[in-house]
Amino acid sequence: MTFSLRPVHDDPRTADLVGRLRDYLDGELADHERAHGLTHATRLTRADLEPVWRRSRELGFYGIHLPEEYGGQNLTYIQLAALKEEIGASGRVLAHSVLGDMGGPLRAGDILRHATPHQLETYLLPVIRGERACCFSLTETDAGSDVRSLRTVAVPDAGGYRLTGHKVFSSAGPFADFAIVVARMAGTGEQPGDKPRFSAFLVDLDSPGCRVEDGATPMSGEHIESDIVLDDCRVPAANLLGEEGEGLRIALGRVTTNRLLHCPTVLGATRRALALTLERARTRTVAGGQPLLSLQAIQHKLADMATEFYAARSMTYAALAALDAGREVRTEAFMCKLFVAESAFRVLDEAVQIHGKEGLTQGHEIEYLFRKVRMFRVLTGTSEIQRNGIAGLLAFRH
């Protein structure tokens, strides 16, 4: 892939999809956000998101990655990544709802293939149609990277299960109708040497014994997280996802793919920051009336920023192309997540520096993007976890 901040795609289908998505993001969606006064600091409600779900579905973007049998267009990973990059580069507040990241088809992920006909009809197909929303509840206060430390427990009950526990960082929780909850099966893993078993459940968030609370506000300032508190919450047997004991396999089954597909959105945000910084350097004047860009120190910063961005984007799309070709890319996924997270942070740090005091001011887009990108070094697996994975696979394979 040659370097361009606003890439031109050689594949006609991808070029058409990207062009139509840009038109929607920069036109109709931008107008909608201005009309309603929405900013990244706005405490969004379900009413803010639903019109975007419906309109994006009408335009063919909501769930576009899915197979045709579910109303999608069966995109390749490269094509989906190209769209996710545009989402990240748009600067739109509601961009996360266009493809279905915020409680929609992308949030449901690979769950479709584990669902029964009842679960598809009642829960997942309505999500695809933009009628219902879901969140994924795995993380707990003392169980982040070490998911086997989960303490939420599922006790078998006549015709179902009773769940008790406290989930945190359930993204899209404030807008969701149900959660995909992973819990430890009661009676296993309690004695030394026992191997814990985990199961996944579809939990209606209005069920007795289930409470949705405001989650911690991340440093991005977005109010998109919830705590899911379960207190002897009864879940019918029909809501068991897959088989008992398959919860972690279901939850982590597409971890390599998901790790890679987080990268294009962050690349888009980095691209946005680089474009804003170039504009700043061209238009901001220094002593003597010359543009900031005339200073060699600024030129060198921009050169390094663009080079890091190109390297991060190139390795990501190369790994996605290999995934599309059916090759194993576990090592590459770890590498991409690590390098994209770290390089994006360095680019944003320089963007703040070049913007000066404005880059430090709350409400300025560069300041928001810095906070947003900084989170990616921790979310979906810290940089240290990625290094562990790379080192382990190098030792195993080489």
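From a predicted model like this one, the values you see are computed outputs, not experimental measurements.
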A.B. asks: Salt bridge check, Arg34 against Asp31: does any charged N sit closer than 4.0 Å to a carboxylate O?
C.D. replies: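 A salt bridge is present here (some side-chain N lies under 4.0 Å from a carboxylate O).
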
A.B. asks: Does the plane of the ring in Tyr123 sit parallel, tilted or perpendicular to the ring in Phe178? Use 30° and 60° as the thresholds.
C.D. replies: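 Plane angle over 60°, so perpendicular.
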
A.B. asks: Can you measure from CD1 (Ile298) to NE2 (His300) and round to the nearest 0.5 angstrom?
C.D. replies: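 Reported value, rounded in 0.5 Å steps: 11.0 Å.
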
A.B. asks: Tell me, please, which residues at least two apart from Asp16 pass salt bridge (charged side-chain N to carboxylate O under 4.0 Å, His left out).
C.D. replies: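 Asp16 satisfies salt bridge (charged side-chain N to carboxylate O under 4.0 Å, His left out) with Arg20 only.
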
A.B. asks: Side chain of Arg46, backbone of Phe175: donor and acceptor closer than 3.5 Å?
C.D. replies: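 Answer holds: yes.
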
A.B. asks: Are the side chain of Thr42 and the backbone N or O of Thr39 linked by a donor-acceptor pair below 3.5 Å?
C.D. replies: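 Present.
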
A.B. asks: Taking Glu328 for its side chain and Arg330 for its backbone only, find out whether a donor-acceptor pair lies under 3.5 Å.
C.D. replies: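 Such a contact is found between Glu328 side chain and Arg330 backbone.
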
A.B. asks: Check for a donor-acceptor pair, side chain of Gln119 on one end and backbone N or O of Ala238 on the other, with a separation under 3.5 Å.
C.D. replies: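 The answer is yes, because a donor-acceptor pair under 3.5 Å joins these two groups.
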
A.B. asks: Using the side chain to side chain contact (heavy atoms under 4.5 Å, CB included) rule, take Arg374 and Arg377 through it: C-alpha gap first, then chi angles, then the decisive distance, then the call.
C.D. replies: CA-CA 6 Å; Arg374 175 61 182 86; Arg377 295 174 67 201; 3.4 Å; yes

A.B. asks: For Leu241 and Ala115, work out which heavy atoms get closest and say how close.
C.D. replies: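 Looks like CD1-CA, 4.0 Å.
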
A.B. asks: Does the distance from a Lys or Arg side-chain N to an Asp or Glu carboxylate O, for Glu332 and Arg327, drop under 4.0 Å?
C.D. replies: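 Looking at Glu332 and Arg327, the cut-off is not met.
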
A.B. asks: Quick check on Glu131: does its CD atom have over 12 non-hydrogen neighbours (other residues, nucleotides or ligands) under 6.0 Å away?
C.D. replies: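 Yes, enclosed.
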
A.B. asks: Spell out, as yes or no, whether a donor-acceptor pair under 3.5 Å connects the side chain of Gln73 to the backbone of Pro67.
C.D. replies: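 Absent.
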
A.B. asks: Could you walk me through whether Thr380 and Arg259 satisfy the side chain to side chain contact (heavy atoms under 4.5 Å, CB included) test, starting with their C-alpha distance in whole Å, then the side-chain angles of each, then the deciding distance to 0.1 Å, before giving a yes or no?
C.D. replies: CA-CA 7 Å; Thr380 71; Arg259 185 177 289 127; 5.8 Å; no

A.B. asks: Side chains of residues 161-174: which donor-acceptor pairs under 3.5 Å do they make with residues two or more places apart or in other chains?
C.D. replies:
{"from": "Tyr161", "atom 1": "OH", "to": "Glu244", "atom 2": "OE2", "distance (Å)": "2.6"}
{"from": "Arg162", "atom 1": "NE", "to": "Asp157", "atom 2": "OD2", "distance (Å)": "3.4"}
{"from": "Arg162", "atom 1": "NH1", "to": "Asp232", "atom 2": "O", "distance (Å)": "3.4"}
{"from": "Thr164", "atom 1": "OG1", "to": "Asp232", "atom 2": "N", "distance (Å)": "3.0"}
{"from": "His166", "atom 1": "NE2", "to": "Asp227", "atom 2": "OD2", "distance (Å)": "2.9"}
{"from": "Lys167", "atom 1": "NZ", "to": "Leu138", "atom 2": "O", "distance (Å)": "3.1"}
{"from": "Lys167", "atom 1": "NZ", "to": "Glu140", "atom 2": "OE2", "distance (Å)": "2.9"}
{"from": "Lys167", "atom 1": "NZ", "to": "Val182", "atom 2": "O", "distance (Å)": "2.7"}
{"from": "Ser170", "atom 1": "OG", "to": "Ser137", "atom 2": "OG", "distance (Å)": "2.9"}
{"from": "Ser171", "atom 1": "OG", "to": "Glu225", "atom 2": "OE1", "distance (Å)": "3.0"}
{"from": "Ser171", "atom 1": "OG", "to": "Glu225", "atom 2": "OE2", "distance (Å)": "3.0"}

A.B. asks: With salt bridge (Lys or Arg N to Asp or Glu O under 4.0 Å) as the test, would you mind laying out the steps for Lys372 and Glu222 before giving the verdict?
C.D. replies: CA-CA 9 Å; Lys372 182 76 171 177; Glu222 297 165 294; 2.7 Å; yes

A.B. asks: Quick one: do the Ser207 and Asp204 side chains pair a donor with an acceptor below 3.5 Å?
C.D. replies: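 The answer is no; no qualifying pair exists.
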
A.B. asks: If we ignore hydrogens and angles and just use 3.5 Å, is the side chain of Arg271 paired with the main-chain N or O of Gly88 as donor and acceptor?
C.D. replies: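 Here the side-chain-to-backbone pair does not exist.
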
A.B. asks: Is it the case that over 12 heavy atoms from other parts of the model lie below 6.0 angstrom from the CD atom of Glu58?
C.D. replies: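 Counting other residues, nucleotides and ligands, CD of Glu58 exceeds 12 neighbours.
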
A.B. asks: Please report the interatomic distance OG(Ser97) to CE(Met102), rounded to the nearest 0.5 Å.
C.D. replies: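 The CE atom of Met102 is 6.5 Å from OG of Ser97, to the nearest 0.5 Å.
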
A.B. asks: Of the non-hydrogen atoms in Thr285 and Gly289, which two are nearest, and what is the gap between them?
C.D. replies: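 In this case the closest contact between Thr285 and Gly289 is CG2-O, 3.8 Å.
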
A.B. asks: Test your reading of the model: is there a side-chain donor-acceptor pair from Glu342 to the backbone of Phe339, 3.5 Å cut-off?
C.D. replies: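 Pair absent, no side-chain N/O of Glu342 close to backbone of Phe339.
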
A.B. asks: Are the side chain of His36 and the backbone of His32 linked by a donor-acceptor contact shorter than 3.5 Å?
C.D. replies: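 Judged by distance alone, yes, a pair lies under 3.5 Å.
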
A.B. asks: Check for a donor-acceptor pair, side chain of Asp48 on one end and backbone N or O of Thr45 on the other, with a separation under 3.5 Å.
C.D. replies: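 Pair found, side chain donor or acceptor close to backbone of Thr45.
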
A.B. asks: Is the Phe376 to Phe345 ring centre distance short of 6.0 Å?
C.D. replies: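 Not under 6.0 Å, so no.
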
A.B. asks: How close do Val153 and Ala183 get, counting heavy atoms only, and between which atoms?
C.D. replies: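 Nearest pair, atom of Val153 first, then Ala183: C-CB, 4.1 Å.
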
A.B. asks: Would you mind checking if Lys84 and Glu86 are paired as a salt bridge, meaning a charged N to carboxylate O distance below 4.0 Å?
C.D. replies: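 Looking at Glu86 and Lys84, the cut-off is not met.
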
A.B. asks: Out of curiosity, does Met185 fall in the hydrophobic cluster containing Val181 (side-chain heavy atoms, cut-off under 4.5 Å, transitive links)?
C.D. replies: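 Yes; Met185 is reachable from Val181 via cluster members.
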
A.B. asks: Report whether Val373 and Met375 are members of the same hydrophobic cluster (ILVMFWY, side-chain heavy atoms less than 4.5 Å apart, transitive linking).
C.D. replies: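 They do not share one cluster, since no chain of ILVMFWY contacts under 4.5 Å joins Val373 to Met375.
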
A.B. asks: Does the side chain of Thr217 reach to within under 4.5 Å of the side chain of His223, using non-hydrogen atoms?
C.D. replies: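 Answer yes - side chains close enough.
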
A.B. asks: Quick one: does any side-chain atom of Arg57 pair with a main-chain N or O of Tyr62 as donor and acceptor, under 3.5 Å?
C.D. replies: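 Yes; judged by distance alone, with no hydrogens or angles, the pair exists.
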
A.B. asks: Does Val255 share a hydrophobic cluster with Leu379, counting links as ILVMFWY side-chain heavy atoms below 4.5 Å and allowing steps through other members?
C.D. replies: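 Not linked; separate clusters.
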
A.B. asks: If you look at every heavy atom in Gly245 and Ser199, which pair is closest and at what distance?
C.D. replies: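 That closest heavy-atom pairing would be N-OG, 2.9 Å.
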
A.B. asks: Can you measure from OG1 (Thr122) to CG (Leu202) and round to the nearest 0.5 angstrom?
C.D. replies: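 It is 9.5 Å, given to the nearest 0.5 Å.
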
A.B. asks: Indicate yes or no: does Arg346 engage Asp304 in a salt bridge with an N to O separation below 4.0 Å.
C.D. replies: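 Answer for the salt bridge query: no.
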
A.B. asks: Given side chain to side chain contact (heavy atoms under 4.5 Å, CB included), test Ile64 with Leu99 step by step and report yes or no.
C.D. replies: CA-CA 7 Å; Ile64 191 173; Leu99 300 180; 4.1 Å; yes

A.B. asks: Taking a hydrophobic cluster as the set of Ile, Leu, Val, Met, Phe, Trp and Tyr residues connected by side-chain heavy atoms closer than 4.5 Å, whether directly or through intermediates, do Ile180 and Leu120 fall within one such cluster?
C.D. replies: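 Yes, same cluster.
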
A.B. asks: Using only heavy-atom distances, determine whether the side chains of Tyr317 and Glu85 contain a donor-acceptor pair under 3.5 Å.
C.D. replies: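 There is such a pair between these side chains.
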
A.B. asks: As an exercise, state the distance from CG of Leu302 to CZ of Arg282, rounded to the nearest 0.5 Å.
C.D. replies: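 Leu302 atom CG to Arg282 atom CZ measures 9.0 Å (nearest 0.5 Å).
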
A.B. asks: Shortest non-hydrogen contact from Leu25 to Ser90?
C.D. replies: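 Taking every non-hydrogen atom into account, CD1-CB, 3.8 Å.
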
A.B. asks: Does any non-hydrogen side-chain atom of Tyr77 lie less than 4.5 Å from one of Leu260?
C.D. replies: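 Sidechains of Tyr77 and Leu260: no contact.
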
A.B. asks: Does any part of the side chain of Gln79, heavy atoms only, come nearer than 4.5 Å to the side chain of Arg13, both counted from C-beta?
C.D. replies: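 Answer yes - side chains close enough.
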
A.B. asks: Within the 4.5 Å heavy-atom criterion, are Val52 and Leu49 side-chain neighbours or not?
C.D. replies: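 Side-chain contact under 4.5 Å: no.
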
A.B. asks: Got a second to check how far Leu205's CG is from Cys135's SG, nearest 0.5 Å?
C.D. replies: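 Leu205 atom CG to Cys135 atom SG measures 5.5 Å (nearest 0.5 Å).
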
A.B. asks: Which pair of non-hydrogen atoms, one from Cys336 and one from Thr316, has the smallest distance, and what is that distance?
C.D. replies: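 Reported closest heavy-atom pair: SG-CA, 3.7 Å.
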
A.B. asks: Would you mind reporting whether Ile128 and Leu112 have side-chain heavy atoms less than 4.5 Å apart?
C.D. replies: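 Answer yes - side chains close enough.
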
A.B. asks: So if you build clusters from Ile, Leu, Val, Met, Phe, Trp, Tyr with side-chain heavy-atom gaps below 4.5 Å, do Val8 and Leu267 land together?
C.D. replies: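 Val8 and Leu267: separate clusters.
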
A.B. asks: Has Asp10 got more than 12 heavy atoms of other residues, nucleotides or ligands less than 6.0 Å from its CG?
C.D. replies: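 Open: at most 12 neighbouring heavy atoms sit under 6.0 Å from CG of Asp10.
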
A.B. asks: Rounded at 0.5 Å granularity, tell me how far CZ in Arg107 sits from CG in Asp101.
C.D. replies: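 CG of Asp101 is found 6.5 Å from CZ of Arg107.
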
A.B. asks: In residues 350-361, what donor-acceptor pairs under 3.5 Å come from side-chain atoms, sequence neighbours left out?
C.D. replies:
{"from": "Glu350", "atom 1": "OE1", "to": "Lys301", "atom 2": "NZ", "distance (Å)": "2.9"}
{"from": "Glu350", "atom 1": "OE2", "to": "Lys301", "atom 2": "NZ", "distance (Å)": "3.4"}
{"from": "His355", "atom 1": "ND1", "to": "Ala351", "atom 2": "O", "distance (Å)": "2.9"}
{"from": "Glu358", "atom 1": "OE1", "to": "Arg280", "atom 2": "NH1", "distance (Å)": "3.1"}
{"from": "Glu358", "atom 1": "OE2", "to": "Arg280", "atom 2": "NH1", "distance (Å)": "3.2"}
{"from": "Thr361", "atom 1": "OG1", "to": "Lys357", "atom 2": "O", "distance (Å)": "2.9"}

A.B. asks: Tell me whether Glu69 at atom CD has more than 12 heavy atoms from other residues, nucleotides or ligands lying less than 6.0 Å away.
C.D. replies: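 Counting neighbours around CD of Glu69, more than 12 heavy atoms of other residues, nucleotides or ligands fall under 6.0 Å, so yes.
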
